[in-house]
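Here the structure comes first, spelled out in structure tokens, and everything after it is commentary.
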Amino acid sequence: IRGISRSQDVGQVGVWTSPTKKFIKTTENTGVGSWNPFNKVTYYDIRNNTIKFSGDGKDKDKKSLNCPNIDVYNKEGVPGKMDMSVIYSIKPEKIESIWKKYPSEEKFVDEYLIQGIRSVTRSSLENYNTIESYNKRTEIQSNLSDKLKKEFEADGIIIENVRMQSINYDKSVTDSFNEYQKESVKIETAKASKEKALIDAQKEVEVAKLTAEANKIAKQELSPEILTQQYIEAIKSTNNRVVITDGKTTPIINFSEQK
């Protein structure tokens with residue numbers, strides 16, 4: 001029996017089966033080769049692939065597999081829809097076991113991968129209320145990524161990246177959140193103003209204390225006793241022998257050394 005030529009692309013693993021659907025082998029060789037025409041080959045892509053869950057799933061992005069967004073429920077039971085994307089790849093050595101469960105790549109992606117991602121993602125908000133689901137998206141995304149990696153790791157699926165784009169609630173929920181945000185800004189602004197006023201008041205108290213202390217020291221320095229002592233010291237520095245006081249201060253005579 002003459003073989004026929006088939007071409008295998010880079011990043012593909014081929015699963016070869018006999019006419020009776022018995023597994024023969026897997027191949028990763030690329031290029032054109034000659035094979036038994038009665039055998040069948042099913043290809044699985046092991047490169048990085050993107051599944052995008054957005055809107056009604058009719059996105060025209062040809063670089064990804066586009067699906068409708070995912071229904072989610074938060075801790076309060078409020079329903080929403082999550083837009084997200086997942087980049088994955090498959091370990092080549094796991095292709096045979098995947099083929100045994102899902103004999104085509106389409107079945108594998110549609111019945112296993114997409115449904116698995118949806119199932120894990122539905123519970124991603126179960127520990128977050130509505131406000132937290134808006135304010136803690138980085139944390140939610142990180143936790144979701146960890147859960148998806150754990151879910152598919154044993155089957156040889158590598159979750160390369162998870163990106164959560166948005167969580168869309170009903171308009172009434174969104175409006176309520178926007179009002180909450182406005183009130184939060186007002187509260188934070190009031191807190192900041194109060195703290196500033198408190199700081200300013202504390203500064204004024206400190207300035208008043210320092211001023212009072214300075215005045216106290218100044219009064220002590222200019223007391224009658226200190227003024228008298230300064231007066232005496234000034235006289236000692238002159239050559240006068242007799243000093244006539246104002247009648248109140250004790251006369252001081254012969255400050256200079258007698259000649």
Side-chain angles (χ1 to χ4, degrees), residues 6-17 21 23-31 33 40-73 80-128 133 136-168:
R6 292 180 184 270
S7 177
Q8 182 167 320
D9 294 336
V10 175
Q12 287 184 327
V13 171
V15 178
W16 291 84
T17 54
K21 298 182 180 180
F23 174 79
I24 299 174
K25 64 179 179 178
T26 60
T27 58
E28 292 184 59
N29 299 327
T30 59
K40 179 183 177 182
V41 60
T42 302
Y43 294 110
Y44 291 81
D45 196 334
I46 58 173
R47 294 167 293 191
N48 282 0
N49 288 284
T50 302
I51 302 177
K52 187 175 181 181
F53 300 88
S54 179
D56 59 6
K58 296 180 180 180
D59 196 307
K60 295 181 180 180
D61 184 1
K62 295 181 179 180
K63 295 181 180 180
S64 63
L65 175 60
N66 301 301
C67 305
N69 51 22
I70 302 174
D71 292 327
V72 292
Y73 293 85
K81 292 183 179 294
M82 183 182 292
D83 287 357
M84 62 179 289
S85 61
V86 177
I87 299 176
Y88 74 93
S89 62
I90 308 172
K91 292 181 179 180
E93 63 270 22
K94 290 290 186 177
I95 293 297
E96 181 182 347
S97 60
I98 289 173
W99 168 81
K100 288 178 180 178
K101 295 178 182 177
Y102 305 97
S104 72
E105 186 174 32
E106 289 76 16
K107 277 184 172 293
F108 162 71
V109 172
D110 292 343
E111 297 178 9
Y112 173 68
L113 198 54
I114 291 177
Q115 295 308 315
I117 292 172
R118 285 186 178 279
S119 177
V120 172
T121 303
R122 282 191 192 100
S123 62
S124 61
L125 298 183
E126 63 183 7
N127 295 320
Y128 301 91
S133 68
K136 296 185 177 181
R137 292 193 181 186
T138 300
E139 179 182 313
I140 294 170
Q141 178 176 283
S142 178
N143 291 340
L144 177 56
S145 178
D146 291 341
K147 288 180 180 179
L148 288 172
K149 287 176 181 179
K150 185 177 180 180
E151 175 72 16
F152 295 111
E153 182 179 17
D155 292 321
I157 313 304
I158 303 171
I159 302 299
E160 307 284 356
N161 181 268
V162 175
R163 184 181 178 188
M164 189 179 74
Q165 274 112 9
S166 64
I167 301 172
N168 305 304

Ile117/Gln115 under side chain to side chain contact (heavy atoms under 4.5 Å, CB included): CA gap, chis, key distance, verdict: CA-CA 5 Å; Ile117 292 172; Gln115 295 308 315; over 6 Å; no

Residue pairs, two or more places apart or on separate chains, that pass side chain to side chain donor-acceptor pair (under 3.5 Å) and touch residues 151-165: Ser89-Glu160, Tyr112-Asp155

CD1-CG distance between Ile167 and Asn69, expressed to the nearest 0.5 angstrom: 11.5 Å

Distance-minimising heavy-atom pair for Thr17 and Phe23: CG2-CA, 4.1 Å

Using atom types as modelled, flag every donor-acceptor pair under 3.5 Å from a side chain in residues 98-110 to any protein atom, sequence neighbours excluded.
| unit_1 | atom_1 | unit_2 | atom_2 | d |
| --- | --- | --- | --- | --- |
| Lys100 | NZ | Glu96 | OE2 | 3.4 |
| Ser104 | OG | Lys107 | N | 3.1 |
| Glu105 | OE2 | Asp45 | N | 2.9 |
| Lys107 | NZ | Glu111 | OE2 | 3.2 |

Side chain to side chain contact (heavy atoms under 4.5 Å, CB included) involving Pro68 - partner list, sequence neighbours excluded: Arg118

Nearest heavy-atom neighbours spanning Val41 and Gly14: CG2-CA, 3.9 Å

Pairwise side-chain contact, Lys81 with Val72, heavy-atom cut-off 4.5 Å (strictly under): no

Spacing of CD1 belonging to Ile70 relative to CE belonging to Met164, to within rounding of 0.5 Å: 11.5 Å

Spacing of CG belonging to Leu148 relative to OH belonging to Tyr88, to within rounding of 0.5 Å: 13.5 Å

Set of residues satisfying side chain to side chain contact (heavy atoms under 4.5 Å, CB included) with respect to Ser145, sequence neighbours excluded: Lys149, Val162

Which atom of Lys25 lies closest to which atom of Thr27, heavy atoms considered: CE-CG2, 3.8 Å

Nearest-0.5 Å distance, OG of residue Ser124 to CG of residue Leu144: 5.0 Å

Among Lys136, Arg137, Glu139, side chain to side chain donor-acceptor pair (under 3.5 Å) partner for Tyr128: Glu139

Residue list, side chain to side chain contact (heavy atoms under 4.5 Å, CB included) with Thr50, at least two apart or on another chain: Ser64, Ser85, Ile87

Full working for side chain to side chain contact (heavy atoms under 4.5 Å, CB included) between Tyr73 and Leu125: CA-CA 6 Å; Tyr73 293 85; Leu125 298 183; over 6 Å; no

Separation of Ile90 CD1 from Ile157 CD1 (nearest 0.5 Å): 5.0 Å

Audit row: Gln12, Ile46, side chain to side chain contact (heavy atoms under 4.5 Å, CB included) steps and yes/no: CA-CA 6 Å; Gln12 287 184 327; Ile46 58 173; over 6 Å; no

pair Leu65-Lys52: side-chain heavy atoms closer than 4.5 Å: no

Counterpart residues, side chain to side chain contact (heavy atoms under 4.5 Å, CB included), relative to Ser119 (two or more places apart): Arg122

Distance (rounded to the nearest 0.5 Å) between Ser54 OG and Met82 CE: 12.5 Å

Full working for side-chain hydrogen bond (donor to acceptor under 3.5 Å, both in side chains) between Thr26 and Trp16: CA-CA 6 Å; Thr26 60; Trp16 291 84; over 6 Å; no

